[in-house]
*Asks:* 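Provided herewith is a single structure, encoded as structure tokens, for subsequent inquiry.
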Amino acid sequence: MSEITITLPDGSQKQVPAGAKPIEIARSISARLADDAVVARVNGGLFDLTRPLEESASLEILTSKNPEALEVYRHSTAHLCAAAVLELFPGTQLGIGPPTEAGFYYDFQREAPFTPEDLEKIEAKMWEIQARDLPYERVMTQKDEGLRKYSDAWMKCGLIAEKADEYFSEYTLGPHFIDFCRGPHVPSTKRIKAFKLLMVSGAYWKANEKGARLQRITGTAFFSKKELDEYLHQVEEAKKRDHRKLGRELDLISIQELAGPGLIFWHPKGGIIRKQLEDWMREEYLKRGYSLVYTPHVGRWQLWETSGHANFYADNMFDRMELDDAEYQLKPMNCPFHILIYKDKLRSYRELPVRLGELGTVYRYERSGTLHGLLRVRGFTQDDAHIFCRPDQIEDEIVNCLQFAVDVLTTFGFDKYEAELSTWDGGASGKYDGEPEQWQLAEKALRNACERLNVAAKVMTDEAAFYGPKIDVKLVDAIGRKWQLSTVQFDFTLPRRFGLEYIADDGKAHQPVMCHRALFGSVERFFGILLEHYAGAFPVWLAPVQVAVLPIADRHLDYARSVAAALERAGLRVEVDDNKEKVNNKIRIAQVNKVPYMLVVGDREAENGTVSVRNRRHGDQGSKPLDEAVALIRGLAESRKPFE
RNA sequence: GCUGGCGUAGCUCAGUAGGUAGAGCAUCUGAUUUGUAAUCAGACGGUCGGGGGUUCGAUUCCCUCCGCCAGCUCCA
């Protein structure tokens, strides 16, 4: 028997017989490693622990501490789920069953929908199969033979025809279950210790909404019961900070059925927070060389034909309305209006870049099933700006925009975000407007900007806007979903469509280039994400009520009001709780409403001109002279610092 | 828009195997005047999402529309 050389991660080498399995090598290193092993990395690729090594290779044993091992483990759990479904519901068609960030899913096609009770049965069956300790066995099959074997399984057949090499791998689980699958998998079902099926929902075959409708069973799996329980607990906790729940509880916003879905009502307390956000943003605009403009909410249809939205954006627009002899369109975007301001006079190269900014409210038709609280609505206000500049200025402008976007995120304490660079499809589909050279140039400028600011942007092919490529910044909500906030978009197209010009130093007319950018993205969405980010406990500068003054008894009301007056003179938002309740109750109310500071006033305070300071997070801070308390809270508000 | 689920008081929820509903909180009133997360009592409050059908009778069963939730698709 020939020997092969196995190189371990520490550089050491082992001679083993050809055909040795990674699990055997692991055991030869230590029994514990073999027990903890989930999957092997062989020459960089993932391998089953039980797959024989035929040639010399590098080998790394991945244990439960490795994220890739968790993916494999979840993938194996998905197979277990499919095997359970087939045992309980023979004839069900299998789609795909990959691991995801938070678990796994498996797509099935079957006439009757899976009910919550079915889910319980499936989970019980999974445990039953788990207990059988079935190996995940890798079998190689020849393509034509495979197509015959899977002739009853139309989705698998499709996948094999499309993806399989001449010989492809399958994995069995017991005598009856076999699945076309690249693998790898854990060695056997007894390795799967903790999982839970979470829901059943709809999906489309190959994510195509014209394709077959499937039922998706989603679950999660962890290496231990403890980790699973922690995860489930964390999900429950996250739900408590859902912006829809907090928005109602804190009386910030509402959505009114009578007015229509996806349309936001800002209540007084939400309104004051929004004003703080908007004031801050407008100040930043002015500091950074933007001008503020205001434009109408509707415009003639011809405007949208000129801009191209009539062609490229028709599906997302509210219906046109007729007025006199003309048709008008509610605006889904602000850009054409800002362009008209640019175009209203002859521009010199000396005044470029022109940066026109607006908190512009737009209306877009979003399909009913996609609406989601504040995060996906039909009417929203963008902190939108359009920058018109010379080609040689565009890269600096994009760098400034991106820097601005990063500054917004840090101001509000977001340290986790993802950047994406969306590019076109190369022009194949015709959904994109403009010349190839322009697209290439634009993409290059965006890439360079990312590099200059050290922003790691993931390239997303075929995700660009119809008028140009873009950089997007995404944040994650309480339930782990990603939402786009900032966007910096390049545009060669609209300047051409509108015939924009500036007079250059050569005395001739040239076409400016344009950058669209929104940093909050939409005020509604940003507010929703912010609400979840702070779990409703806003920092002092944003809190709708910054201070609650809590008199102990009625005889302290006058003093309480004088305290409130002093706070108001300092520009703070104050409420006096004059209910006939005990202080304990007043404190509770203020805590529940997440008021940052409570000032308790009773006999001692009224006598000494002091207040007893209570901090929302840290509780009783003892008494302080009134001036001192006012200065403290005002300082926090003005600094726009995070709370505490 | 699609698949599935859901819709009972302002909020959170219970209930009716078909005989027009109940709790806690909130609100209002009264008593209590209280020192760092809920004082007590009483009252008010619902065409049980809208419309249609079956039935002697529908909040309950059926149909339909609207809205919400999860996922898909799409996107700020």
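All chains are named by letter (A, B, ...) in the order of the sequence lines, taking the proteins before the strands, and each is independently numbered beginning at 1. This is a predicted model, so every value here is computed, not measured.
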*Asks:* Find which nucleotide of RNA chain B each of A:I589 and A:R376 is nearest to by heavy atoms, and output the residue with the more 5' nucleotide.
*Replies:*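 Result of the comparison: A:I589.
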*Asks:* Count the heavy atoms belonging to other residues, nucleotides or ligands that lie under 6.0 Å from CG of A:D319, then report whether that count exceeds 12.
*Replies:* no
*Asks:* For B:C61 and B:A76, measure between their C1' atoms and round to the nearest Å.
*Replies:* 44 Å
*Asks:* Write down the partner of B:G24 under the Watson-Crick or G-U wobble criteria, each distance required to be under 3.5 Å.
*Replies:* B:C11
*Asks:* For a quick check of understanding: with a heavy-atom distance under 4.0 Å over all strands, which category does A:G369 fall into, base, sugar-phosphate or nothing?
*Replies:* base
*Asks:* With a 4.0 Å cutoff (strictly under), does any side-chain N or O of A:R244 reach OP1 or OP2 of B:C69?
*Replies:*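 Affirmative; the distance criterion is met.
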*Asks:* Whom does B:A41 pair with, Watson-Crick or G-U wobble, provided both distances fall under 3.5 Å?
*Replies:* B:U29
*Asks:* Less than 4.0 angstrom between a side-chain N/O of A:K470 and OP1 or OP2 of B:A76, yes or no?
*Replies:* yes
*Asks:* When you compare B:C62 with B:U54, how far apart are their C1' atoms, in angstrom units rounded to a whole number?
*Replies:* 7 Å
*Asks:* Within the 4.0 Å heavy-atom criterion, would you say A:T487 contacts the bases, only the backbone, or no part of the nucleic acid?
*Replies:* nothing
*Asks:* Look at atom NZ of A:K474 and say whether more than 12 heavy atoms of other residues, nucleotides or ligands are closer to it than 6.0 Å.
*Replies:*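 Yes.
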*Asks:* Within less than 4.0 Å of OP1 or OP2 of B:C75, is there a side-chain N or O belonging to A:R378?
*Replies:* no
*Asks:* Could you measure between the two P atoms, the one in B:A14 and the one in B:U8, and give it in whole Å?
*Replies:* 10 Å
*Asks:* Please give the distance between the P atoms of B:G19 and B:U73 as a whole number of Å.
*Replies:*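 It works out to 45 Å between them.
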*Asks:* Considering only side-chain heavy atoms of A:M199, which listed nucleotide, B:G71, B:A76, B:A37, is closest?
*Replies:*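 Between B:G71, B:A76, B:A37, the one nearest the side chain of A:M199 would be B:G71.
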*Asks:* Tell me the partner of B:U47, counting only Watson-Crick (N1-N3 plus N6-O4 or O6-N4) or G-U wobble (N1-O2 and O6-N3) with both under 3.5 Å; none if nothing fits.
*Replies:*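 Check on B:U47: unpaired, no WC or wobble geometry under 3.5 Å.
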*Asks:* Of the candidate nucleotides B:G35, B:C11, B:G71, which contains the atom at the shortest distance from the side chain of A:E605?
*Replies:* B:G35
*Asks:* If you check the A:A207 side chain, which of B:G1, B:G67, B:C72 turns out closest?
*Replies:* B:C72
*Asks:* Can you tell me if A:Q484 touches the phosphate of B:A76, counting only side-chain N or O atoms and a distance under 4.0 Å to OP1 or OP2?
*Replies:*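 True: A:Q484 side-chain N/O within range (under 4.0 Å) of B:A76 OP1/OP2.
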*Asks:* CD of A:E101: more than 12 outside heavy atoms within 6.0 angstrom?
*Replies:*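 No, not enclosed.
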*Asks:* Would you mind pulling out the nucleotide paired to B:C72, Watson-Crick or G-U wobble, both distances under 3.5 Å?
*Replies:*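 Here B:C72 is engaged in a pair, and the nucleotide opposite it is B:G1.
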*Asks:* Look at the side chain of A:V583 and decide which nucleotide, out of B:G35, B:G1, B:C75, has an atom nearest to it.
*Replies:*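 Of the options given, the side chain of A:V583 lies nearest B:G35.
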*Asks:* Return the 5'-most residue of the pair A:R248, A:Q489 with respect to RNA chain B, ranking by each residue's nearest nucleotide.
*Replies:* A:R248
*Asks:* Is there a donor and acceptor pair closer than 3.5 Å between the side chain of A:R216 and the base of B:U3?
*Replies:*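 Looking at the base of B:U3, it does not pair with any donor or acceptor on the side chain of A:R216 (distance under 3.5 Å).
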*Asks:* Are any of A:S368's side-chain N or O atoms less than 4.0 Å away from OP1 or OP2 of B:G1?
*Replies:*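 The answer is yes; a side-chain N or O of A:S368 sits under 4.0 Å from OP1 or OP2.
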*Asks:* Does atom CD of A:E111 have more than 12 heavy-atom neighbours, drawn from other residues, nucleotides or ligands, at distances under 6.0 Å?
*Replies:* no
*Asks:* Which residue is it: A:W304, A:F318, A:F337? I am looking for the one with a ring pair (Phe, Tyr, Trp, His ring centres under 6.0 Å) to A:H309.
*Replies:*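 Filter result, single survivor: A:W304.
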*Asks:* Which part of the nucleic acid, if any, lies within contact of A:N585, taking any heavy atom under 4.0 Å across all strands shown: a base, the sugar-phosphate backbone alone, or nothing?
*Replies:* sugar-phosphate
*Asks:* Look through every strand shown and name the nucleotide pairing with B:G67 as Watson-Crick or G-U wobble, where both distances are under 3.5 Å.
*Replies:*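 For B:G67, the partner nucleotide comes out as B:C6, under the 3.5 Å rule.
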*Asks:* Which value, in whole Å, describes the distance between the P atoms of nucleotides B:U33 and B:U20?
*Replies:* 45 Å
*Asks:* Considering only the C1' atoms, how many Å lie between B:U32 and B:A41, rounded to the nearest integer?
*Replies:*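 So the two C1' atoms sit 11 Å from each other.
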*Asks:* Do the side-chain N and O atoms of A:Q109 and A:W205 include a donor-acceptor pair separated by under 3.5 angstrom?
*Replies:* no
*Asks:* Which nucleotide in the set B:A37, B:A70, B:A76 lies at the smallest distance from any side-chain heavy atom of A:V592?
*Replies:* B:A37
*Asks:* Tell me which nucleotide, if any, is Watson-Crick or G-U wobble paired with B:A58 when both distances must be under 3.5 Å.
*Replies:*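 Its partner is none (no Watson-Crick or G-U wobble pair with both distances under 3.5 Å).
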*Asks:* Scan residues 405-425 of chain A against RNA chain B and write down, sorted by residue number, each residue with any heavy atom closer than 4.0 Å; if none is found, say none.
*Replies:*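 Of all residues in residues 405-425 of chain A, none places a heavy atom under 4.0 Å from RNA chain B.
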*Asks:* Closest to the A:N584 side chain: B:U3, B:A37, B:U73?
*Replies:*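 Of the options given, the side chain of A:N584 lies nearest B:A37.
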*Asks:* Using the C1' atom as the reference point in each nucleotide, state the distance between B:G52 and B:C11 in Å, no decimals.
*Replies:* 31 Å
*Asks:* Rounded to whole angstrom, note down the C1' distance from B:A37 over to B:U59.
*Replies:* 38 Å
*Asks:* Taking atom types as modelled, is there a side-chain donor on A:H386 or A:R517 under 3.5 Å from an acceptor on the other?
*Replies:*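 Result is no, nothing qualifies.
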*Asks:* Picking from B:A76, B:U33, B:G35, which would you name as closest to the side chain of A:F380?
*Replies:* B:A76
*Asks:* Nearest to the side chain of A:V377, heavy atoms from C-beta on, is which of B:U34, B:A76, B:A37?
*Replies:*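 For the A:V377 side chain, the nearest candidate turns out to be B:A76.
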*Asks:* Can you tell whether the side chains of A:K269 and A:D251 come within less than 4.0 Å, N to carboxylate O?
*Replies:* no
*Asks:* If you check the A:K580 side chain, which of B:C72, B:U33, B:G71 turns out closest?
*Replies:* B:U33
*Asks:* What about the rings of A:F412 and A:Y534, do their centers lie closer together than 6.0 Å?
*Replies:* no
*Asks:* When you get a sec, tell me which of B:G1, B:U33, B:U3 is the closest nucleotide to the side chain of A:R213?
*Replies:*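 The nucleotide sitting nearest to the side chain is B:U3.
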*Asks:* Does A:E397 come within less than 4.0 Å of A:R355, counting only side-chain N to carboxylate O?
*Replies:*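 A salt bridge links A:E397 with A:R355.
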*Asks:* Taking OP1 and OP2 of B:A70, is either one under 4.0 Å from a side-chain nitrogen or oxygen of A:H372?
*Replies:*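 So the side chain of A:H372 is within the cut-off, an N or O lying under 4.0 Å from OP1 or OP2 of B:A70.
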*Asks:* Base, sugar-phosphate or nothing for A:Q215? Non-hydrogen atoms, less than 4.0 Å.
*Replies:*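 Nothing: the residue A:Q215, judged by heavy atoms under 4.0 Å, touches no strand.
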*Asks:* Under 4.0 angstrom, heavy atoms only, what part of the nucleic acid is A:L485 near: base, sugar-phosphate, or nothing?
*Replies:* sugar-phosphate
